[in-house]
Number of protein chains: 2
Amino acid sequence: MSGDAGGPYLRSGQVAERAGVNVQTLRYYERRGLITEPARSPGGHRAYPPETVTLLTVIKAAQRLGFTLEEVAELIGDGRGGRPAPDLRARAQAKIAEVDARIAELSAVRQALTQVVSAGCGSLTRCACPDCPLPSTDLAE
Amino acid sequence: MSGDAGGPYLRSGQVAERAGVNVQTLRYYERRGLITEPARSPGGHRAYPPETVTLLTVIKAAQRLGFTLEEVAELIGDGRGGRPAPDLRARAQAKIAEVDARIAELSAVRQALTQVVSAGCGSLTRCACPDCPLPSTDLAE
DNA sequence: TTGCATCCGGTACCCGGGTACAGGCTTACC
DNA sequence: GGTAAGCCTGTACCCGGGTACCGGATGCAA
């Protein structure tokens with residue numbers, strides 16, 4: 001808020017606080033290639049440009065969309081590095097397919113669970129109910 | 001196949017093969033308390049009763065229902081140990097609630113992803129589309 | 001100039017469910 | 001009695017996403 005004279009660089013603790021992230025996480029993301037290595041003070045302390053905070057919120061948004069850090073790294077790295085930029089739209093569509101598959105799996109599990117409940121199985125090992133669904137829990141896996 | 005004279009005990013490799021499980025997994029389950037320590041041959045080799053194979057298929061069935069190994073251990077351990085036996089039906093109902101919650105989360109993610117797709121965002125970092133949903137991806141988390 | 005907060009690098013640990021490897025011992029069969 | 005397959009214990013590693021701790025160096029303000 002006060003001055004930004006000479007260069008508004010932030011130290012790691014400031015970036016972490018503004019982005020709502022642990023300081024260790026910052027270095028972790030650096031190792032994973034999600035954020036580029038920032039400039040350093042003469043003593044070796046990291047000096048981040050303020051955009052890093054924005055970048056971190058973008059990373060967190062992408063994570064919430066179900067992308068892994070590796071995928072986020074790819075998505076962020078487009079433009080730089082010369083590799084063909086991965087299209088976010090295409091990636092999002094592929095991710096929707098993944099999510100749908102996962103939901104389908106969970107629905108099958110849910111189905112099997114309701115069968116267990118309605119059949120009245122009382123115990124895994126000694127189920128006394130007739131037509132116990134336990135041994136035949138296939139889930140088409 | 002041949003004789004079962006004196007005791008139809010199985011060695012770890014036989015149990016593993018019949019249950020479709022790795023031998024290491026057997027010992028892992030033993031450490032985790034899912035299967036009790038079997039008898040030993042004079043030389044120290046494990047000698048399993050044949051029921052162990054059935055138990056392993058039960059464990060795998062429970063896993064497919066979404067129970068963690070710790071939960072399976074509890075469910076199996078009922079009857080023995082004197083603790084009040086956890087009711088499988090109740091556990092299954094609770095698990096259904098968990099599954100439903102997870103499905104709801106994934107549906108929200110799916111929703112957000114379709115917004116990204118339909119808004120036409122091309123890039124995480126430099127999205128040129130109007131009313132880009134990326135910064136406001138809340139998912140009510 | 002001194003004191004304290006912060007940062008540094010490196011390493012180890014956490015969760016869950018296993019898998020793999022090393023170096024030795026047993027068992028089974030011929 | 002030889003030989004190979006199988007088993008033993010103990011330990012380390014894998015995935016993903018971080019978190020924690022250590023001893024030492026820096027930064028900043030009074």
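A, B, ... follow the sequence lines: proteins, then strands. Residue 1 opens every chain.
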*asked:* Once salt bridge (charged side-chain N to carboxylate O under 4.0 Å, His left out) is applied, do any residues pair with B:Arg102, and if so which ones, sequence neighbours excluded?
replied: B:Glu105
*How long is the line joining CD of A:Glu30 and P of C:dC7, in whole Å?*
14 Å
*For A:Ser118, which residues count as a side-chain contact (heavy atoms from CB on, under 4.5 Å) partner, sequence neighbours excluded?*
none
*Closest to side chain of B:Thr25, choosing from C:dT19, C:dG9, C:dC7*: C:dT19
*Whichever of B:Thr68 and A:Val23 has its nearest DNA chain C nucleotide further upstream toward 5'*: A:Val23
*Reading nucleotides 20-30 of chain C 5' to 3', which nucleotides get B (base under 4.0 Å from a protein heavy atom), which S (sugar-phosphate only), which -?*
BB----SSS--
*Please state whether the phosphate of C:dT19, meaning OP1 or OP2, lies under 4.0 angstrom from any side-chain nitrogen or oxygen of B:Arg31.*
no
_Any non-hydrogen side-chain atom of A:Leu88 less than 4.5 Å from a side-chain atom of B:Ser123?_
no
*salt bridge (Lys or Arg N to Asp or Glu O under 4.0 Å) partners of residues 31-46 of chain B, not counting sequence neighbours, each pair once*: B:Glu30-B:Arg46
*Sequence neighbours left out, what passes side-chain contact (heavy atoms from CB on, under 4.5 Å) with B:Thr54? Give chain and number order.*
B:Thr57
*asked:* My understanding is that only residues two or more places apart in sequence, or in another chain, count here; which of them pass side-chain contact (heavy atoms from CB on, under 4.5 Å) with A:Arg91?
replied: A:Phe67, A:Glu74, A:Leu75, A:Pro86
*Using the test salt bridge (charged side-chain N to carboxylate O under 4.0 Å, His left out), find all partners of A:Glu98 that sit at least two apart in sequence or belong to another chain.*
A:Lys95
_Among residues at least two apart in sequence or on other chains, which ones pass side-chain contact (heavy atoms from CB on, under 4.5 Å) with A:Arg110?_
A:Thr114, B:Ile96, B:Val99, B:Asp100
*Heavy-atom contact window of chain A on DNA chain D, given 5' to 3' at under 4.0 Å*: D:dG17 to D:dG27
